[in-house]
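Data first, discussion second: the structure below is written as structure tokens.
Just so you know, these numbers use all the heavy atoms, side chains as well, and skip hydrogens, waters and symmetry mates. What you are looking at is a predicted structure, and each value in this text was computed from that prediction instead of being measured.
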Amino acid sequence: MKEIMEEYSNTFFACVQEWPDEIKSDIYKLYAYLRVVDEMVEGIDSDKDFKEWRIVIEQFHQVSDKYQFEGEWLEDFHHAMFTDLHKKKHTMVSMLEYCKGSSESVGCMMARILGCPPEADYYARALGRAYQIINFVRDYEEDIGKGYEYIGKNHNIYIRLFRENLEEGMKGLHYIPEELRGPILKANKSYIQVAEDSG
């Protein structure tokens, strides 16, 4: 599971290393599941080996049960992933709807793993949405190459939207135990740099 996250998410993988082993292990299992579902929707590349996808799914459900993930989060995530099968070009409205499942739900799952109460969900959604939007900016050319246009060519409005959502999400930082905040702050710094480089 660790190897899957390391391969696909260098930015966040580097940040999570400060967390305790149990938390890292559960995050690896979560991320492995997210990637496997994404790959299944896009079509598994012959160069990638997901023969152990059943194990990935089983371990994800163990994590889901452990932290009592809400069914709505899983439903929204799967809906967003399968949207990629029939919708290749997005408007601002549909992109934000896509984020509801692709990142806001994941933000809530991450919040539970970090020990945050339900009151943190609003802020976790905003932070997840911010990360997704700046990822769309960073990966624009790669996504276009795959036939997906999540955002328009003018990235300034999306960078502004990223900053607004990041600021909103960080208002809930106090819900994260103080000793676990470091990786989030590191991730923010990395994504802000992406925004500055792209602006």
Legend entry - Minimum-distance pair of heavy atoms, taken over all atoms of F162 and I192: CZ-N, 4.0 Å

Legend entry - Straight-line distance of M110 CE to D26 CG, nearest 0.5 Å: 10.5 Å

Inset, instruction - List the steps, then state whether side-chain hydrogen bond (donor to acceptor under 3.5 Å, both in side chains) holds for Y131 with N165. - result: CA-CA 9 Å; Y131 288 176; N165 279 278; over 6 Å; no

Legend entry - N-O pairing of K146 and D143 below 4.0 Å: no

Inset, instruction - Provide the closest heavy-atom pair for A80 versus Y98 in the form atom of the first, atom of the second, distance. - result: O-CE1, 3.0 Å

Legend entry - side-chain contact (heavy atoms from CB on, under 4.5 Å) between H155 and Y140, worked out: CA-CA 9 Å; H155 294 168; Y140 179 76; 3.4 Å; yes

Inset, instruction - Would you name the heavy atoms of C108 and A124 that are closest together and state the gap between them? - result: N-CB, 4.0 Å

Inset, instruction - Mind checking the CD1-CG spacing from I113 to L30? Nearest 0.5 Å is all I need. - result: 5.0 Å

Inset, instruction - List the atom of T83, the atom of H79, and the distance in Å for their closest heavy-atom pair. - result: OG1-O, 2.8 Å

Legend entry - Q68 atom CD, over 12 foreign heavy atoms within 6.0 Å: no

Legend entry - Whether over 12 other heavy atoms sit under 6.0 Å from K88 NZ: yes

Legend entry - Enclosure of E75 CD (heavy-atom neighbours >12, cutoff 6.0 Å): no

Legend entry - Residues, nucleotides or ligands: over 12 heavy atoms within 6.0 Å of E167 CD: no

Inset, instruction - Please assess V137 against Y191 for the test side-chain contact (heavy atoms from CB on, under 4.5 Å), listing each intermediate value before the final yes or no. - result: CA-CA 10 Å; V137 172; Y191 286 124; over 6 Å; no

Legend entry - Test log, rule side-chain contact (heavy atoms from CB on, under 4.5 Å), inputs R129 and L96: CA-CA 8 Å; R129 188 164 55 245; L96 291 173; 4.1 Å; yes

Legend entry - Side-chain heavy-atom pair L34, S102 within 4.5 angstrom cut-off: no

Inset, instruction - Find out whether W19 and V16 are in side-chain contact, i.e. whether some heavy atom of one side chain is under 4.5 Å from a heavy atom of the other. - result: yes

Inset, instruction - Evaluate the salt bridge (charged side-chain N to carboxylate O under 4.0 Å, His left out) criterion for residues E18 and K24: first the C-alpha distance (whole Å), next the side-chain angles of each, then the deciding distance (0.1 Å), finally the verdict. - result: CA-CA 9 Å; E18 291 184 13; K24 284 193 295 186; over 6 Å; no

Inset, instruction - Indicate whether the side chain of Y150 and that of D84 have a donor and an acceptor atom separated by less than 3.5 Å. - result: yes

Legend entry - Side chain proximity check, L127 to Q132, heavy atoms < 4.5 angstrom: no

Inset, instruction - Taking the side chain as every heavy atom from C-beta outward, state whether E149 and I144 have any pair of such atoms under 4.5 Å apart. - result: yes

Inset, instruction - Could you tell me how the ring of F69 sits relative to the ring of Y67: parallel (under 30°), tilted (30 to 60°) or perpendicular (over 60°)? - result: parallel

Legend entry - S198 (side chain) donor-acceptor with V194 (main chain) under 3.5 angstrom: yes

Legend entry - Atom of L173, atom of R181 and distance for their closest heavy-atom approach: O-NE, 3.5 Å

Inset, instruction - Report yes if the side chains of F77 and V37 come closer than 4.5 Å at any heavy-atom pair, otherwise no. - result: yes

Inset, instruction - Taking the side chain as every heavy atom from C-beta outward, state whether D197 and R138 have any pair of such atoms under 4.5 Å apart. - result: no

Legend entry - Atom pair NE2/CD1 of H90 and I151 - distance to nearest 0.5 Å: 11.5 Å

Inset, instruction - Keeping to residues at least two apart or across chains, list the side chain to side chain donor-acceptor pair (under 3.5 Å) pairs with something in residues 117-126. - result: E104-R125, R112-D121, Y122-E168

Inset, instruction - Taking all non-hydrogen atoms of both residues into account, name the closest pair between Y175 and C116 and its distance. - result: O-SG, 3.5 Å

Legend entry - Short N-O contact, K66 and E22, less than 4.0 angstrom: yes

Inset, instruction - Tell me, yes or no, whether the heavy-atom count around I157 atom CD1, taken from other residues, nucleotides or ligands under 6.0 Å, exceeds 12. - result: no

Inset, instruction - Measure from the ring center of F136 to the ring center of Y158 and say whether it is less than 6.0 Å. - result: no

Legend entry - Heavy-atom side-chain proximity of L74 to M109 below 4.5 angstrom: yes

Legend entry - Flag side-chain contact, heavy atom, 4.5 Å: Y33 against V63: no

